[in-house]
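Down below is the structure, laid out as structure tokens.
These numbers were taken from a predicted model, which means no experiment stands behind them. Just so it is clear: chains get the letters A, B, ... in the order the sequence lines come, proteins before strands, and each one is counted from 1.
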Amino acid sequence: MTEYLPLLFILFLGSIIAIGAILVGKILGYQSKNTKNKFAPYECGVPTFGSARIQFKVEYYIFALLFLIFDIEALFLFPIAVNLKEIFAGEPMVITPAIVIADLIIFVSILFSGLVYAWKKGFLKWE
Amino acid sequence: MLPSVTHPIGDFVRENVPNVLGYLPDFIQPYIPSAEIATLINIIICMVAIAVVGIAPVPVLIYMERKVCAHIQCRLGPMRLGPHGVLQLVADIAKLLFKEVYAPKGADKFLFYLAPIFVLTAPFLNLCVIPFDKNLQVADLSVAIPFILAMNGFGILSTLLGGWASNNKYSLISSLRSGAQIISYEISFAMILLLVVMLAGSASLGEITASQSGHFWDWWIFKAPVLGLLAFIMFLVSSTAELNRAPFDIAEAEQELTGGFHTEYNGMAFAMFYLAEYINLFTTSCIATVCFLGGYHAPTIGILAIDNILNFVPGIVWFLGKTFFVVWIYMMFRWTFVRPRVDQLMALEWKFLLPVNLLLLIFGVVFLAFGWILP
């Protein structure tokens, strides 16, 4: 596993570069006078009202849920996709091409009927 | 089973560092763990290499973007600083360096600074799995494609964090929109890569590249007739949306949401978002090159005399050439199509791209079953 050790360190590489750059920016940056308007959020010059943490549309959650379902189902297809070529090439395996095709048809049709259900329910509509 | 990682520089270090340490005085010898030092040097080389490979193309991409968009609109683009404006970016960086970095009133300071720190993680990790030339990659993961998908999912986090922490209504709306857009197009991105994995019979980018060796019609864009070309077009559409680039830049849409989720960022904190955007562009082009355009293979045409000349050019030159060709396609995309509305964008993904993707997957199985793939 030592070959993959660099990945663990590169996980922090971006953070290191960003922290360094922001610190350099903090040190070199020109300090302007701290007025009230300087720290006001920029909303096209109109004075801001209320908090910015407003209520937002529930559709965002629905799309997140749909994403979870479809992305996980796509990930479930990866193991079969990797082996599909060898199965069709007739390499000795536990499963035969017929079973694989039946499995795929069932799985993809469940996936597709889920999409049709969401569509018919009107979840995919964005107002 | 994990593949043995071929790593020329790493192997060189592992073989030679213990020998170099042999020249040290005898009384220190037993105290030096040479294998660990070799691993450490290896890690440092990998980190430096990934940082260079990630950051070095960015100035080129930004200059290219400015020039391509200028010329497509019959303008000249940057011309003042240096010949044809090549030094414009140096001036921009100097400007960003001397800008003050501060958080607006009411912002969640911790999350506000966490967002630009997180934003570079995903693109750098994606670069690790890309084979730039034969044996020239940090780690040849056997699960490289699921890894890329996972990292792309991680990339949304900083967008949402930045938008939420800014205490700005436009930022929040923009980050939510961009989150919804990225996760929606992530699905068709995953499905297209799944198709390539299915055709190539492996999820490791090294083996996907190896499956395209030979002539230029052995690349996946041509090897599976029509199917490959359709998949490539779908990949371009879904990845343009994932990159938040025009025509799918709903998150920024200048007329609607000022500067998008990074409206409140300035100076180097803003520069991090800008940097990540272009590294992501480069990384996605690299993935397109590996999956569809044959990676580092030369476009040999079957005539020996010409093939020998083409093979004489190093693989990395072909790789970068193809990558910049894909980048150029992304840039042409930006200026040829109009921006759809949010609802149209969502409808395009869920009601068109996703059903077509499922169809393509089924056709992929059919192609494999009947052996309709070019030899």
Worksheet, complete the sentence: Note: vs chain A, highest number of non-hydrogen pairs under 4.5 angstrom among B:M272, B:E100, B:Q344, B:E264 is B:E100
Worksheet item: Quick one: does A:I17's side chain get under 4.5 Å of B:I55's, heavy atoms only?
Response: yes
Worksheet item: Which answer fits B:A103, side chain, backbone, both or neither, if we ask what part of it has an atom under 4.5 Å from a heavy atom of chain A?
Response: backbone
Worksheet entry | Contact winner vs chain B - A:L104, A:I105, A:L66, heavy-atom pairs under 4.5 Å | A:L66
Practice prompt. Tell me, for B:D108 versus chain A, whether the close heavy atoms (under 4.5 Å) come from the side chain, the backbone, both or neither.
Written response: both
Worksheet item: Any side-chain heavy-atom pair from B:M47 and A:F9 closer than 4.5 angstrom?
Response: yes
Fill in: Under 4.5 Å from any heavy atom of chain A - which part of B:I362
side chain
Discussion item. Which one wins on heavy-atom pair count under 4.5 Å against chain B: A:I19, A:I16, A:L11, A:I101?
Written reply: A:L11
Discussion item. Taking every non-hydrogen pair under 4.5 Å, which of B:C128, B:A271, B:G54 racks up the most with chain A?
Written reply: B:C128
Worksheet item: Crowded around B:F352 CZ? As in, over 12 foreign heavy atoms under 6.0 Å?
Response: no
Item to complete: Would you mind telling me which of B:L361, B:V365, B:T263 has the largest number of heavy-atom pairs within less than 4.5 Å of chain A?
Response: B:V365
Worksheet item: What do you reckon, is OH of A:Y61 surrounded by more than 12 foreign heavy atoms closer than 6.0 Å?
Response: no
Discussion item. At under 4.5 Å between heavy atoms, what parts of residues 70-80 of chain A are in contact with chain B? List them by residue number.
Written reply: A:F70, A:D71, A:A74, A:L75, A:L77, A:F78
Item to complete: Check each atom of B:A203 against the heavy atoms of chain A and say whether the ones under 4.5 Å are side chain, backbone, both or neither.
Response: both
Discussion item. Using side-chain heavy atoms (C-beta onward) and a distance below 4.5 Å, is B:E207 in contact with A:V82?
Written reply: no
Worksheet entry | Non-hydrogen atoms of A:F67 and B:I183 that approach each other most closely | CD1-O, 3.0 Å
Worksheet item: Top residue by heavy-atom pair count (under 4.5 Å) with chain A, among B:L176, B:I44, B:V119, B:L127?
Response: B:L176
Worksheet item: Do B:K351 and A:W119 touch side chain to side chain, with heavy atoms closer than 4.5 Å?
Response: yes
Worksheet, complete the sentence: Separation between OG (A:S32) and NZ (B:K99), nearest 0.5 Å, reads 9.5 Å
Discussion item. Using a 4.5 angstrom heavy-atom cutoff, name the option from B:L172, B:V197, B:L149, B:L194 with the most pairs to chain A.
Written reply: B:L194
Discussion item. Is any side-chain heavy atom of B:P355 closer than 4.5 Å to one of A:F112?
Written reply: yes
Response to the item:
Whatever's closer than 4.5 Å to a heavy atom in chain A on B:A122 counts as neither
Discussion item. Are the side chains of A:F63 and B:S184 in contact, using a 4.5 Å heavy-atom criterion?
Written reply: yes
Worksheet entry | Non-hydrogen atoms of B:L120 and A:G14 that approach each other most closely | CB-CA, 3.7 Å
Worksheet item: Can you tell me if A:K85 uses its side chain to pair, donor with acceptor, with the backbone of B:L199 under 3.5 Å?
Response: yes
Worksheet item: Between A:L115, A:V116, A:V108, which residue shows the highest count of heavy-atom pairs closer than 4.5 Å to chain B?
Response: A:L115
Worksheet item: Picking from B:E186, B:E349, B:M191, B:K169, which has the most non-hydrogen pairs under 4.5 angstrom with chain A?
Response: B:K169
Worksheet item: Which residues from residues 21-28 of chain A are near chain B, with near meaning under 4.5 Å between non-hydrogen atoms?
Response: A:A21, A:I22, A:V24, A:G25, A:K26, A:L28
Worksheet, complete the sentence: Rounded to the nearest 0.5 angstrom, the CD1-CG distance for A:I10 and B:N126 is 12.0 Å
